[in-house]
Enquirer: 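I have a structure I would like to understand better, so I am pasting it below and will then ask my questions one at a time.
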Amino acid sequence: MRIATWNINSVRLRIDNLVRWLKSAEPDLLCLQEIKCQNEQFPRQAIEDAGYNCVVHGQKSWNGVAILSRHPIEDTHTNLPGSSVDEQSRYVEAVISTKDGVLRVASIYLPNGNPVDTAKYPYKLEWMDRLTAHVRERLLLEEPLVLAGDYNVIPAAEDVHNPASWTEDALFRRETRDKFNTLLNLGLTDALRATTDAPGQYSFWDYQAGAWQRNLGLRIDHLLLSSQAADRLTSVHIDKEPRSWDKPSDHTPVVADFAIEAR
DNA sequence: ATGACCTTCTAGGAAGGA
């Protein structure tokens, strides 16, 4: 079972890149973020023609998440529980059947939070609290659970080219990393860090200032695993190739393989 | 180098991103 996450930065603009990558990488499941369209605008036909079912949770103009699956999607769930309904589409969950029971996958687009002196930062922190509360409940199910997405969190200094200049940024602030660690401490495994401690494993490079050419990147796209998923993890890699294509997203896919067979 | 991008919505820039 191959599960990937990719912030596509407009699925309509990049549908050709997306189909090209699906055909070459052959993921069983792909979690997309920043689809930047409403459900009815989603390029469903091109994706179904490539052999994928989809669950889409979009909105006008911004944000939006989706999950593509080669296998039947049994159940879906959108939004996080919380005090108020979230107007921003940032969370969708899907369940598929495997030979050993269900597999649950979420596509997550965690708020950026910048600038930190605006309401955007407390919104990010509150959203992280709601995610943690929801995941705490999901873990009681004792299922293989893969929480894949753009977390907008740089977990550690080795995940950014120049950490000193990021200490006050919403992606790397102490408070942000503390909340990310609280989530991890529920018992989740950061898939990439389960396989390597190498620095510079970036998943995002800004469009500006030749960041890609100079390899000035960030690691902010993560797959966090329940113990039942982590036990079956066989390999993880960041596929940098789509970042080199024409008209790329500023993010590139992170891919994890599991010893789990679809039914 | 006080430089440098990209997308949506909509018709010119504003807003959002990271």
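First the proteins, then the strands, lettered A, B, ... as listed; each starts at 1. No experiment lies behind these values; they were computed from the predicted model shown.
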Enquirer: Can you list the residues that meet the ring pair (Phe, Tyr, Trp, His ring centres under 6.0 Å) rule with A:Tyr91, with sequence neighbours excluded?
Expert: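 Counting only residues at least two positions away or on another chain, A:Tyr91 forms a ring pair (Phe, Tyr, Trp, His ring centres under 6.0 Å) with A:His134.
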
Enquirer: Go through residues 236-247 of chain A and report each residue with a non-hydrogen atom lying under 4.0 Å from DNA chain B, sorted by number.
Expert: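 Residues of residues 236-247 of chain A under 4.0 Å from DNA chain B: A:Lys247.
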
Enquirer: Regarding A:Asp169 and A:Arg173, does a basic nitrogen lie under 4.0 Å from an acidic carboxylate oxygen?
Expert: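 No.
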
Enquirer: Would you mind building the protein contact string for nucleotides 8-18 of chain B? One character per nucleotide, 5' to 3', B for base within reach (heavy atoms under 4.0 Å), S for sugar-phosphate only, - for untouched.
Expert: BS-----BSSB

Enquirer: State whether A:Arg138 and A:Glu93 are salt-bridged, where the test is any N-O pair (Lys NZ or Arg NE/NH1/NH2 against Asp/Glu carboxylate O) under 4.0 Å.
Expert: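 Yes.
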
Enquirer: Taking only the P atom of each, what is the distance from B:dT10 to B:dA15 in whole angstrom?
Expert: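 After rounding to an integer number of Å, I get 14 Å for this pair.
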
Enquirer: Rounded to whole angstrom, note down the P distance from B:dG17 over to B:dG12.
Expert: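 Rounded to whole Å, the distance is 25 Å.
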
Enquirer: When the P atoms of B:dT7 and B:dA18 are considered, how many whole Å apart are they?
Expert: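 Taking atom P in both B:dT7 and B:dA18, they lie 13 Å apart.
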
Enquirer: Can a donor-acceptor pair be found, under 3.5 Å and without considering hydrogens, that links the side chain of A:Tyr207 to the backbone of A:Pro248?
Expert: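 Checking the backbone N and O of A:Pro248 against the side chain of A:Tyr207, a donor-acceptor pair under 3.5 Å is found.
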
Enquirer: Start with the C-alpha gap between A:Trp6 and A:Trp21, add the side-chain angles, then the distance that decides, and say whether ring pair (Phe, Tyr, Trp, His ring centres under 6.0 Å) holds.
Expert: CA-CA 11 Å; A:Trp6 193 8; A:Trp21 190 75; 5.5 Å; yes

Enquirer: Measure from the side-chain N and O atoms of A:Arg90 to the backbone N and O of A:Leu80, and report whether any donor-acceptor pair falls under 3.5 Å.
Expert: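 No, the answer is negative, given that no donor and acceptor are paired below the 3.5 Å cut-off.
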
Enquirer: Quick check on side-chain contact (heavy atoms from CB on, under 4.5 Å): which of A:Gln33, A:His251, A:His222 does A:Thr5 satisfy it with?
Expert: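 Testing A:Thr5 for a side-chain contact (heavy atoms from CB on, under 4.5 Å) against A:Gln33, A:His251, A:His222 leaves exactly one candidate, A:Gln33.
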
Enquirer: Side chains of A:Glu34 and A:Asn7: donor-acceptor distance under 3.5 Å anywhere?
Expert: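 Judged by distance alone, the side chains do pair up.
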
